[in-house]
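Please read the structure below before turning to the comments.
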Amino acid sequence: MGSDNGAQPRQRLLYIHAQTPNPLSAVLEMTIYEPVAGYKVELTAEEPEFRYATVHEALVDGWQIVQFPLHQAEYDDDQIDMVGYEFILQKMEVVDG
């Protein structure tokens with residue numbers, strides 16, 4: 001993303017909700033926040049195609065974990081009003097915009 005035209009790297013954020021607190025578990029939801037003015041997350045009714053299948057795949061691609069999920073209760077869709085375990089990752093890159 002972006003070209004190196006002398007601009008300073010900016011922090012990109014990636015929120016991943018995984019099935020368990022293990023970085024190797026399957027991704028349930030994923031949202032990227034880009035550091036550009038006016039950026040908005042696009043919501044669609046279509047089934048999302050995630051860039052990564054696990055948090056570990058994002059780490060291999062250069063993302064860094066800045067927050068691990070809280071180890072509260074086991075994920076159970078019927079009993080807990082949350083979507084998996086939330087990891088927050090960052091990547092410093094020069095971004096167009």
Side-chain angles (χ1 to χ4, degrees):
M1 164 145 237
S3 60
D4 187 3
N5 58 2
Q8 292 294 318
R10 291 186 267 174
Q11 182 183 38
R12 300 174 69 205
L13 292 176
L14 173 60
Y15 285 68
I16 294 180
H17 292 260
Q19 195 167 20
T20 75
N22 183 328
L24 296 173
S25 67
V27 168
L28 300 171
E29 291 291 331
M30 176 180 300
T31 305
I32 294 179
Y33 292 91
E34 299 293 0
V36 296
Y39 180 79
K40 294 184 193 280
V41 174
E42 293 184 27
L43 300 175
T44 67
E46 297 174 14
E47 187 71 27
E49 290 188 29
F50 300 130
R51 186 177 293 186
Y52 308 108
T54 66
V55 173
H56 182 261
E57 285 184 10
L59 296 174
V60 170
D61 194 34
W63 290 89
Q64 300 172 334
I65 296 173
V66 295
Q67 181 177 307
F68 285 89
L70 298 174
H71 294 274
Q72 295 171 341
E74 286 295 316
Y75 169 70
D76 185 339
D77 193 49
D78 295 331
Q79 297 179 7
I80 300 174
D81 189 23
M82 65 182 227
V83 179
Y85 292 86
E86 181 181 67
F87 288 83
I88 301 174
L89 297 88
Q90 75 167 0
K91 194 175 198 182
M92 301 299 291
E93 291 186 315
V94 174
V95 178
D96 292 334

Fill in: Which atom of A18 lies closest to which atom of V55, heavy atoms considered
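Closest approach of A18 to V55: CB-CG2, 4.5 Å.
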
Discussion item. Restricting to non-hydrogen atoms, name the atom on A7 and the atom on V94 that form the minimum distance, rounded to 0.1 Å.
Written reply: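 Closest pair (atom of A7, atom of V94, distance): O-CG2, 3.4 Å.
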
When clusters are formed by joining ILVMFWY residues with side-chain heavy atoms under 4.5 Å apart, either directly or through shared neighbours, do [X] and [Y] land in the same one?
{"X": "L59", "Y": "M92", "value": "no"}
{"X": "M30", "Y": "L24", "value": "no"}
{"X": "Y33", "Y": "V36", "value": "yes"}
{"X": "V41", "Y": "V95", "value": "yes"}

About how many Å separate [atom2] of [Y] and [atom1] of [X], when rounded to the nearest 0.5 Å?
{"X": "Q67", "Y": "F87", "atom1": "CD", "atom2": "CZ", "answer": "10.5 Å"}
{"X": "F50", "Y": "I32", "atom1": "CZ", "atom2": "CD1", "answer": "11.0 Å"}
{"X": "Q64", "Y": "I88", "atom1": "CD", "atom2": "CD1", "answer": "14.0 Å"}
{"X": "T54", "Y": "I16", "atom1": "OG1", "atom2": "CD1", "answer": "8.0 Å"}
{"X": "H56", "Y": "I65", "atom1": "NE2", "atom2": "CD1", "answer": "9.5 Å"}
{"X": "L14", "Y": "Y52", "atom1": "CG", "atom2": "OH", "answer": "7.0 Å"}

Item to complete: Give a yes or no answer on whether the side chain of K91 reaches the backbone of D61 with a donor-acceptor pair at less than 3.5 Å.
Response: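 Yes; judged by distance alone, with no hydrogens or angles, the pair exists.
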
Practice prompt. Kindly indicate whether the side chain of R12, heavy atoms from C-beta on, has any atom under 4.5 Å from the side chain of W63.
Written response: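 Yes, at least one pair of side-chain atoms sits under 4.5 Å.
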
